[in-house]
Undergrad: 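I am attaching a structure below and will ask some questions about it afterwards.
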Amino acid sequence: MSTLGLLIMLLGIIIMCTLVILRSVNPIYSILNLIVIYGCYASILLTVEMEFLACIYILVNVGAIAVLFLFIVMMININIVEIQETMKKYNIYMIVGIIGVVGLLGILITNYQIRIKEEVIADFSMFLINSEVVQLQATPSYLDFYSLFVETTDIRTMGSNVIYGSYSIWFIMACIILLIGMVGVIYITEDLIIEKRTLNERRRQDINSQVLREYKITIRNYRESK
Amino acid sequence: MMFLFENSINMIKYSIYLVPLIIMILLSISIKEDSNRMMLLFKSLKLTIILILVLLTIEEAIYVKLNGHLIKTELITFVEYILLVVSYLIISMFEEGVKEGRKTKITEEALILMYSSLIGMLISMEAHNLITLFLSLEITSICFYILALNKNSRKVSIEGGLKYYIIGGIASTIILLGIVSIYKNTGSLMYTDILVIGMERIGNYQVQMGIALIVLGLIIKLGVAPFHGWLIDTYEGTGMLMTFYLTITQKIVTIIVLINLYKNLITYLNIEVINKGLLVLILVTLIVGTVGSLRQQKVIRFIAYSAIVNSALLILFFVGNNTEELIIYSIYYLINYIIGLAVLINIIIGVVKTKNGGNIEILSELKNIWLNNKVIGISLIIVLIYLAGLPPFTNFISKIILILPLIVEGKIYITMIIFFLTVGIMIYYMNVVKIIIIDKKQEVGVETYKMTKGGSITNIVGGIIWIIISQIYLDEIISIIKIIVAIN
């Protein structure tokens, strides 16, 4: 499979997951599909040789932000019934969004030189011009030993010099700031939401009973129980 | 063998910060009963602080780590001890309040945020890189913004927390602007590199502007006038014990960060603008603290103004030219202020109204103290005279030795103004003493008070013993601090 096919498949997965996010009733499904989208974005970044950005995308967006959303959705009983009634309003926005995404991709690929490998450009131009498939003769290819020794990836450069070297203290403190943001959001919002919803007689939310909720009631059989 | 042991300590050092944080988060979501969960979090937090104290005694007092990102001296170790002991004391007071069913408002997330702010404070005292300093100050500041919301649904609490967030964000932006200015001009973020490049181009204003902006941001966080208005409302909405925590720990950390900047950068770069600007700010703060506090009716706003005035006195070492002597006296003054404020807050929290179980909130309620319980009245009077700085108590000595070196350096008019304003500071402490003794009521329907048992009495007795003993061992204490500051 060529790189263009891989890109088309990844973009297709992204579009499908976007539709699932917009149409789904349960916010946990939305967040899990968002995680799949982040994985596809990271894969696209890997194909254009941005290894470090791909790993940071996974670490920050999946490891911190999506987990933060999962924590908040599971700990705060967001009333899901209210979301379902307004789903039909978003149909128009989905159609316009799809047209916009396709248009943007067409403009980017045809008019602007984005950083894609030559193989992708060759395959794409072949696809556009409708030229005949030429059977190429096999030519001998030699391994360049010099480039094997000199070439380093982004991950090796950033990892050895920045993250795990002298500057590791910055990385650790950035992680602590994200953790404080997570704990702080829970701390600030739980009373406000409980007082509005009046779900519990007690003022304070019991995190333990929510974390230990059963799988069938919350996720799997939600529509059936309704 | 020592080399292997040292490497083990270097690895233990960072996991001992992060592993208790993870353990506390797991504890807060995995235990069912509220009281067991809270007590276990308190115990784990106190045990963590004890472990960090033990680690401070084991490892070297002076080290350079991570290629100069973290540098520790004897002074920083000593102040880290003070910070950890004060935090342990405050967490013990919270635990006692929860056990006895008082109205102390604390939750599991607040304890996790307090420990996170401790991590930020410990790193910011050791930081020798501007980005490391900024990130650690941000950890502490974000925790403090959230802790300032007192989990009340009152408007006062939300207003105070929001003001703290806005002003703290502005101060962080000013600090970051100073860091960017220094980085653009020198190309480095390390203190040593900035010093070398700055000394080569001594007249360059961009490095000076950057350092001035960093000092300005730190002073805004400290609450020096005219940037003090947010601090009064924040502490009013927060509550007594959290006010004590935010006041003392912020003061300790900011003073040490300023001392680090002063010893490493400001002394050698010969910046005159900072000294003159800070002198103006100190005088304005003393005036505002004197005039503004006379009309206050609430106890907690009284304590907030006390924090503002003492912040100005603590940064007096910028004005003088003799660096080490003024730093020694600033730290001595800081220790005395911590002990005085601790005893005062323990008395206020420990004294409970018999009818509804609340604490004293308005200054006029102190009129009934003397008639009802003379022991509490005498304790309050001793602490207030101590904080006012009247002789024979040692806070008088600590204020005198902080101001007198300015006369030796020839700044006579400045010293006279500061003395005059210090007398003005004494007035509002004496005003409270006047309420207790002279304005006492003779009415029949008297509100009665009782002192609760437990840690408050221990803290009060310990504080008063220090107030008495520190007069006798005055020279020894100052000599110990002098040795600690002198070792670099």
Side-chain angles (χ1 to χ4, degrees), chain A residues 60 63-64 67-68 70-77 158-198 200-214 218, chain B residues 14-15 17-18 21-22 24-34 36-37 65-70 107-113 115-117 119-120 123-124 126-129 131-149 151-153 158 161 165 189-190:
Chain A
V60 174
V67 173
L68 177 65
L70 281 172
F71 257 112
I72 294 172
V73 168
M74 291 174 71
M75 287 181 179
I76 300 169
N77 272 320
M158 296 293 285
S160 63
N161 290 325
V162 175
I163 296 177
Y164 298 106
S166 304
Y167 298 91
S168 60
I169 194 73
W170 295 359
F171 192 70
I172 291 171
M173 285 191 287
C175 295
I176 295 174
I177 289 175
L178 285 175
L179 184 63
I180 292 164
M182 187 187 300
V183 176
V185 167
I186 295 166
Y187 182 76
I188 292 172
T189 56
E190 60 180 351
D191 273 4
L192 298 176
I193 291 177
I194 286 171
E195 287 175 0
K196 286 183 179 178
R197 310 286 179 176
T198 64
N200 290 325
E201 292 179 357
R202 297 164 54 192
R203 281 298 183 96
R204 175 159 171 75
Q205 193 180 20
D206 193 359
I207 298 171
N208 184 63
S209 64
Q210 291 171 351
V211 171
L212 298 176
R213 284 183 298 180
E214 291 184 358
T218 56
Chain B
Y14 294 103
S15 62
Y17 285 168
L18 292 179
L21 194 53
I22 297 168
M24 277 189 278
I25 292 173
L26 291 177
L27 286 178
S28 67
I29 62 173
S30 64
I31 295 173
K32 282 196 173 183
E33 293 181 359
D34 282 335
N36 285 334
R37 186 161 69 221
K65 286 186 178 178
L66 295 175
N67 288 330
H69 278 259
L70 302 176
T107 56
E108 293 92 2
E109 290 95 5
L111 290 177
I112 294 168
L113 292 170
Y115 179 64
S116 302
S117 65
I119 296 173
I123 296 174
S124 64
E126 298 177 7
H128 229 69
N129 184 298
I131 291 295
T132 308
L133 178 69
F134 178 73
L135 283 175
S136 52
L137 289 177
E138 277 305 299
I139 290 173
T140 305
S141 298
I142 291 172
C143 292
F144 282 179
Y145 306 151
I146 302 166
L147 288 171
L149 291 170
K151 299 286 291 181
N152 268 338
S153 61
I158 297 171
Y165 174 67
L189 296 164
M190 305 294 291

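Every chain is numbered from 1 and lettered A, B, ... according to where its sequence line falls, protein lines coming before strand lines. Because the structure is predicted, anything quoted here is derived from the model rather than measured.
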Undergrad: What's the spacing between A:I180 CD1 and B:Y115 OH if we round to 0.5 Å?
TA: 11.5 Å
Undergrad: How far does CG of A:L179 sit from CD1 of B:I119, to the nearest 0.5 angstrom?
TA: 9.0 Å
Undergrad: With A:I176, which of B:L135, B:I123, B:I139 fulfils side-chain contact (heavy atoms from CB on, under 4.5 Å)?
TA: B:I139
Undergrad: Is it true that, when you exclude B:Y165 itself, more than 12 heavy atoms of the residues, nucleotides or ligands shown sit nearer than 6.0 Å to its OH?
TA: no
Undergrad: Specify the closest pair of heavy atoms between A:G184 and B:I146, including all atoms of both residues, with the distance to one decimal.
TA: CA-CD1, 3.5 Å
Undergrad: Give, as side chain, backbone, both or neither, the part of B:L113 having an atom under 4.5 angstrom from any heavy atom of chain A.
TA: side chain
Undergrad: Below 4.5 Å, heavy-atom pairs only: which of B:I112, B:I142, B:T132 has the largest tally toward chain A?
TA: B:T132
Undergrad: Taking side chain as everything from C-beta outward and backbone as N, CA, C, O, which of these in B:L189 sits under 4.5 Å from a heavy atom of chain A? Side chain, backbone, both or neither.
TA: side chain
